[in-house]
Amino acid sequence: MLKILILGGTGFIGPHMVHEALRRGHEVSLFNRGRTDDGLFPDLQTFIGDRNNQLDALKGHKWDAVIDNSGYVPRHVADSARLLSDAASHYVFVSSISAYASFRIANNEDSPLATMPDETVEEVTGETYGPMKALCEKMAAREFGEDRLTILRPTYICGPGDRTDRYTYWPVRTMQGGRMLWPGSPSDPIQIIDVRDLANFSIDCVDQRITGTFNTVTPPGEFTMGDLVEDSIAVTAAGMTPVWVSASFLSEHDALQHIPIWSSPEGEESRAALVGGERAFAKGLNNRPTRETARDTVAWWKTLPEDRTATPRAGLSPEKEAELLALA
Ligand SMILES: NC(=O)c1ccc[n+]([C@@H]2O[C@H](COP(=O)([O-])OP(=O)(O)OC[C@H]3O[C@@H](n4cnc5c(N)ncnc54)[C@H](OP(=O)(O)O)[C@@H]3O)[C@@H](O)[C@H]2O)c1
């Protein structure tokens with residue numbers, strides 16, 4: 001049994017990690033502000049504080065490992081890693097593939113990382129998120145050193161509990177049937193990581209003390225938009241007819257930004273879905289069949305209240321899709 005501290009632990013990926021760690025017999029404690037899903041884990045020790053200058057609750061305790069899944073601001077990661085450096089022997093930092101400098105190349109873990117001109121910026125935006133994650137990694141490494149640190153770089157995390165609806169949009173929209181707009185072509189690659197596979201691998205890293213940096217993705221080139229269409233139809237049994245449109249059509253009609261998960265195989269993000277995962281696969285990252293992810297995501301979606309499902313947080317609105325379908 002190991003003592004594990006999760007920084008976060010309520011959000012999206014946290015609960016999956018908690019459940020997996022408890023299933024394996026570990027003792028888990030959490031650190032958060034008590035705002036998100038307060039009361040989700042009444043039986044776990046929860047330290048209340050804030051990554052922003054309020055870490056006192058963590059002082060005077062010891063853990064075998066810390067999993068940091070709420071680190072976005074380099075200063076916050078520097079502060080927690082410094083404080084916990086003597087209190088825990090292993091730090092697992094959940095970063096992102098957004099830490100890479102460019103998606104014109106198929107990145108592996110040694111590819112150049114994103115940078116930003118002013119490293120003191122603390123506002124998380126679409127532009128700063130990636131470079132800030134890269135800096136967070138650096139801060140964790142500064143305190144824990146390479147031999148006590150694991151960095152996980154997930155691509156789009158999806159599955160039950162996803163608050164972004166980016167992957168969820170596709171099977172959920174498919175449920176309604178009819179003509180449905182799809183971007184690019186069926187052979188375009190996409191990558192995801194099922195939240196449960198990420199949780200399993202993160203607890204494997206703790207259990208087996210696997211250190212180093214790992215992209216956590218489905219194998220590059222293996223999962224395509226065509227597969228996502230097939231998964232979506234299979235798990236919803238819906239009579240949906242895909243209508244494929246090009247990136248230029250989407251761009252001309254101001255819709256590209258509403259298309260989640262997929263990126264055009266031409267242009268700035270042409271290799272975004274070809275991130276190498278061999279290092280993690282060699283250490284045991286196991287991706288479940290994508291159809292299982294689709295099935296469980298739809299089943300989870302059906303349990304949500306109507307005010308949550310009425311307007312998905314990603315994807316084309318019904319009006320915009322109808323407008324585009326009329327022109328396609
Ligand atoms: N979603 C994706 O597709 C994706 C892809 C790649 C990487 N990632 C990474 O995966 C992680 C996301 O995990 P998530 O979505 O489950 O978590 P999240 O929503 O970012 O974090 C939620 C957890 O952190 C706690 N928290 C937030 N701000 C805090 C603060 N200032 N001080 C203390 N605790 C705080 C929350 O509890 P309280 O609100 O109660 O404090 C909650 O437990 C992030 O590191 C993200 O960068 C996500």
Side-chain angles (χ1 to χ4, degrees), residues 5-20 28-41 44 46-58 66-77 79-80 83-84 91-100 103 107 114 122-126 128-137 139-140 150-169 190-199 201-202 213-218 260-261 263 272-273 275 277 280 293 297 313-314:
L5 170 68
I6 302 187
L7 302 180
T10 51
F12 167 36
I13 66 177
H16 291 279
M17 291 177 177
V18 170
H19 290 305
E20 184 56 21
V28 179
S29 44
L30 311 178
F31 173 81
N32 54 54
R33 295 167 302 178
R35 288 188 200 170
T36 307
D37 285 332
D38 189 22
L40 188 62
F41 295 114
L44 299 187
T46 300
F47 299 97
I48 298 294
D50 193 318
R51 300 202 63 154
N52 188 18
N53 290 330
Q54 289 173 39
L55 298 176
D56 285 359
L58 295 175
V66 177
I67 301 178
D68 180 346
N69 64 21
S70 55
Y72 298 88
V73 177
R75 177 177 58 84
H76 295 178
V77 176
D79 288 350
S80 57
L83 181 80
L84 295 165
Y91 200 89
V92 178
F93 179 68
V94 179
S95 183
S96 166
I97 62 156
S98 299
Y100 290 116
F103 286 105
N107 290 293
E122 297 199 344
E123 193 193 350
V124 184
T125 65
T128 63
Y129 173 72
M132 283 171 72
K133 278 295 207 187
L135 277 172
C136 289
E137 293 183 4
M139 296 302 134
T150 308
I151 291 172
L152 303 178
R153 293 187 185 140
T155 182
Y156 297 105
I157 307 171
C158 60
D162 183 3
R163 292 158 183 237
T164 70
D165 299 349
R166 291 179 298 194
Y167 165 87
T168 309
Y169 166 76
I190 47 176
Q191 279 179 306
I192 56 171
I193 176 81
D194 187 297
V195 63
R196 296 159 297 177
D197 299 334
L198 176 63
F201 186 62
S202 61
T213 301
F214 301 95
N215 295 325
T216 48
V217 293
T218 45
I261 300 281
S263 50
V275 175
T293 304
T297 303
R313 296 169 180 163

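Indexing begins at 1, ligand by ligand and atom by atom, following the structure's order.
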Revision key, fill the gap. Sorted by chain and residue number, the residues with a non-hydrogen atom under 4.0 Å of ligand 1 are Gly8, Gly9, Thr10, Gly11, Phe12, Ile13, Gly14, Phe31, Asn32, Arg33, Gly34, Arg35, Thr36, Asp50, Arg51, Asn69, Ser70, Tyr72, Val94, Ser95, Ser96, Tyr129, Lys133, Pro154, Thr155, Tyr156, Ile157, Arg166
Exercise for review: State whether Arg313 and Asp162 are salt-bridged, where the test is any N-O pair (Lys NZ or Arg NE/NH1/NH2 against Asp/Glu carboxylate O) under 4.0 Å.
Suggested key: no
Check your understanding: Can you tell me if His16 uses its side chain to pair, donor with acceptor, with the backbone of Pro160 under 3.5 Å?
Key -> yes
Exercise for review: Could you give me the CA-CA distance, side-chain angles and deciding distance for Glu137 and Ser95, then say whether side-chain hydrogen bond (donor to acceptor under 3.5 Å, both in side chains) is met?
Suggested key: CA-CA 7 Å; Glu137 293 183 4; Ser95 183; 2.6 Å; yes
Exercise for review: For the residue pair Phe214 and Phe201, categorise the inter-ring angle as parallel (less than 30°), tilted (30 to 60°) or perpendicular (more than 60°).
Suggested key: perpendicular
Check your understanding: Going by heavy atoms in the side chains, are Ile157 and Ile13 under 4.5 Å from each other?
Key -> yes
Point to revise | Short side-chain donor-acceptor distance under 3.5 Å, Arg51 and Ser80 | key: yes
